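See below for the structure under consideration.
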Number of protein chains: 2
Amino acid sequence: MTGTRGYHHGDLRRALLDVAVTAIEESGPAALSLRELARRAGVSHAAPAHHFGDRAGLFTALAVQGFDSLAEALDGAGGELLDLGVAYVDFAVRHRAHFEVMFQPDLYRADAAEVRAARERAGAALRAGVATLPALPAQPTLPESRPGTAAHPGTADRSADGADRPRDAADRPRDAADRPRDAADRPRDAADRPGGLDGPQGDVLAAWSIVHGFATLWLAGALPAGVGDDPGEAARTVIRRVFIPAPDPN
Amino acid sequence: MTGTRGYHHGDLRRALLDVAVTAIEESGPAALSLRELARRAGVSHAAPAHHFGDRAGLFTALAVQGFDSLAEALDGAGGELLDLGVAYVDFAVRHRAHFEVMFQPDLYRADAAEVRAARERAGAALRAGVATLPALPAQPTLPESRPGTAAHPGTADRSADGADRPRDAADRPRDAADRPRDAADRPRDAADRPGGLDGPQGDVLAAWSIVHGFATLWLAGALPAGVGDDPGEAARTVIRRVFIPAPDPN
DNA sequence: GGCGAATCTTGTCAACGGCAAGATATGGTC
DNA sequence: GACCATATCTTGCCGTTGACAAGATTCGCC
């Protein structure tokens, strides 16, 4: 049935995705060519198009696969915030190709239903873990609540509906329209209201930001020496340093 | 002198960079075409090559410009950690095109001297600001230091300046073999040693990670609802929530 | 055994990146 | 003012790529 030779490959779609991951790990997503992909898989130059439609379709499939894998990895991390963060960084390092594609939405159709679903699964896993936060420093309400937002008028108005803030593409992913960039179709400052940035929402955002930033900087090779060669452990140290209020020795 | 019409453009290099920024803001770096660039600037398709050599050269120039602008923005932020973080996020949002290129090293020659220098300037500005950290929670030494790993001497730290970790690349950025993906030739665990992740080094890393992660997630459109439409303010809330230990009202 | 549909191939086209060779303007020198 | 080395920009070309169309082969199913 699933022979790998002959006119019908058997599982060409999966094979192409695997080859794509390898190629991306070698040279990055930008350098990925559908024809080179077909060449490596031993099929004709037009074979990939049948399974993915176009280049964006290939990246879309990779993104879905990536968000699903991430959700799985986070679900299996144990529920502790610390382990969750380490799992996140670990995923980024181990599945570098997927991770790079996932957070480069101009490469794929970020608004596709399957992408949204997979991303939501990963997001849920993340939120669930952050909910177990031992007890975030519970920052006392800050002295000056806020200088009065007026300070940053620049980015304020822009598009109210938010969906097409960034690049207004048409229907192609890389063209504008795709870039969700929602985030803007929501109330002005959510920070002060219940569920705002001062509550659990803020915890999630802070935790996600720090692990995502660490992973991204690591992958980009932007981190200076002295971090060590084990990103997972380094991340653990950093997360602990920031998030865990007291040693709680017992 | 700098006439903009005629056989000689006057300042084509700058014009091309400006047009590139606009194009990238519209459709992302991946979609940028040298020919389209030339078309928009009203010059022949080979004109850009004279100034930048190739596509990677163009991105290299953008990266240098970006790191310089970032350094400038950070220097002008005032020295307070909070303002520094907000300035970082603000830069990412306002100079989206530059920021995206800067942290996508497979697009350009990340090991070029000018890039190293500009990146170092930005890094210095960042470190300088973090040094003013009011007094990071001053985490008491953590209970369990770490399961071990201290034994591995690993290869002595090669780049002390830490600028070229990521993709060593020969001279082209995107071809294979470029992606060093090394990360394995640095001292094993730097966390426990002086200057390790438990000291100021850790503060810098944590602060940088959180603002970088926030900015990246924002740009990728990955942030869920509730964040508001002003990334700078949202970042301020998140940073303060994590970093500032006590109100310190005085 | 046969047929519709899925899978894969071959052929083609416009666009791109990169290179080479030529055209045109600029600035300095006598 | 004439001259020339050089920087700047153009034209022309080649191999590769993404996308599409049309055809060939095989599979699932009745």
Side-chain angles (χ1 to χ4, degrees), chain A residues 1-17 19-20 23-24 27-62 101 106-109 169-175 178, chain B residues 1-17 19-20 23-24 27-62 101 106-109 170-176 178:
Chain A
M1 29 296 286
T2 62
T4 55
R5 280 293 103 203
Y7 205 101
H8 281 55
H9 181 281
D11 199 358
L12 182 56
R13 186 188 153 90
R14 173 174 296 272
L16 287 173
L17 287 175
V19 172
I24 293 174
S27 318
L32 183 61
S33 141
L34 288 181
R35 291 174 110 103
E36 170 66 16
L37 201 64
R39 235 172 275 133
R40 290 205 199 191
V43 293
S44 79
H45 70 259
H50 175 72
H51 292 280
F52 305 108
D54 54 7
R55 213 174 99 104
L58 170 66
F59 285 126
T60 301
L62 284 173
V101 171
D106 52 323
L107 287 178
Y108 61 95
R109 278 176 270 271
D171 53 327
R172 289 297 204 57
R174 45 253 263 66
D175 290 338
D178 281 349
Chain B
M1 29 300 292
T2 61
T4 55
R5 278 293 104 200
Y7 205 101
H8 282 55
H9 182 283
D11 198 357
L12 182 55
R13 186 187 154 92
R14 172 173 296 271
L16 286 173
L17 288 174
V19 172
I24 293 174
S27 317
L32 183 61
S33 143
L34 288 181
R35 292 174 109 102
E36 170 66 17
L37 202 63
R39 233 172 280 134
R40 292 205 199 192
V43 293
S44 79
H45 65 88
H50 174 74
H51 292 279
F52 306 108
D54 54 7
R55 213 175 99 104
L58 170 66
F59 285 126
T60 301
L62 284 173
V101 171
D106 52 323
L107 287 178
Y108 62 96
R109 281 178 269 271
D171 51 328
R172 291 294 203 62
R174 53 252 255 68
D175 285 342
D178 283 350

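Chain identifiers are assigned alphabetically (A, B, ...) following the order of the sequence lines, protein sequences preceding nucleic acid strands; residue numbering begins at 1 within each chain. The model shown is predicted, which means the values in this text are computed figures rather than measured ones.
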Rounded to the nearest angstrom, tell me the gap between atom [atom1] in [X] and atom [atom2] in [N].
| X | N | atom1 | atom2 | result |
| --- | --- | --- | --- | --- |
| A/Phe52 | D/dC20 | CZ | C1' | 18 Å |
| A/Leu16 | D/dG18 | CG | C1' | 15 Å |
| A/Arg13 | C/dA6 | CZ | P | 15 Å |
| B/Phe59 | C/dG18 | CZ | P | 10 Å |

Give one of base, sugar-phosphate or nothing for A/Ala49, where a contact means two heavy atoms less than 4.0 Å apart.
nothing
May I ask you to say what B/His51 touches in the nucleic acid, namely base, sugar-phosphate or nothing, with a heavy-atom cut-off under 4.0 Å?
sugar-phosphate
Quick one: which of C/dT9, C/dT7, D/dC9 gets closest to the side chain of A/His50?
C/dT7
What one should report as the nearest heavy-atom pair of A/Ser27 and A/Ala31 is O-CB, 3.5 Å
Please give me the minimum heavy-atom distance between B/Leu16 and B/His51, naming the atom from each residue.
CD1-CD2, 4.4 Å
Collect all protein-nucleotide pairs involving nucleotides 14-17 of chain D in which both atoms are nitrogen or oxygen and the distance is under 3.5 Å.
from   : atom 1 : to      : atom 2 : distance (Å)
D/dT17 : OP2    : A/Arg39 : NH2    : 2.6

Along DNA chain D (nearest heavy atom to each residue), the more 5'-positioned of B/His45 and A/Ala46:
B/His45
Any side-chain heavy-atom pair of A/Ile24 and A/Phe59 under 4.5 Å
yes
For the residue pair A/Arg109 and A/Asp54, establish whether any side-chain heavy-atom pair is separated by less than 4.5 Å.
yes
Sequence neighbours excluded, every pair satisfying salt bridge (Lys or Arg N to Asp or Glu O under 4.0 Å) that has a member inside residues 42-51 of chain B:
none
Run the side chain to side chain contact (heavy atoms under 4.5 Å, CB included) test against A/Arg14 and tell me which residues pass, sequence neighbours left out.
A/Asp11, A/Asp18
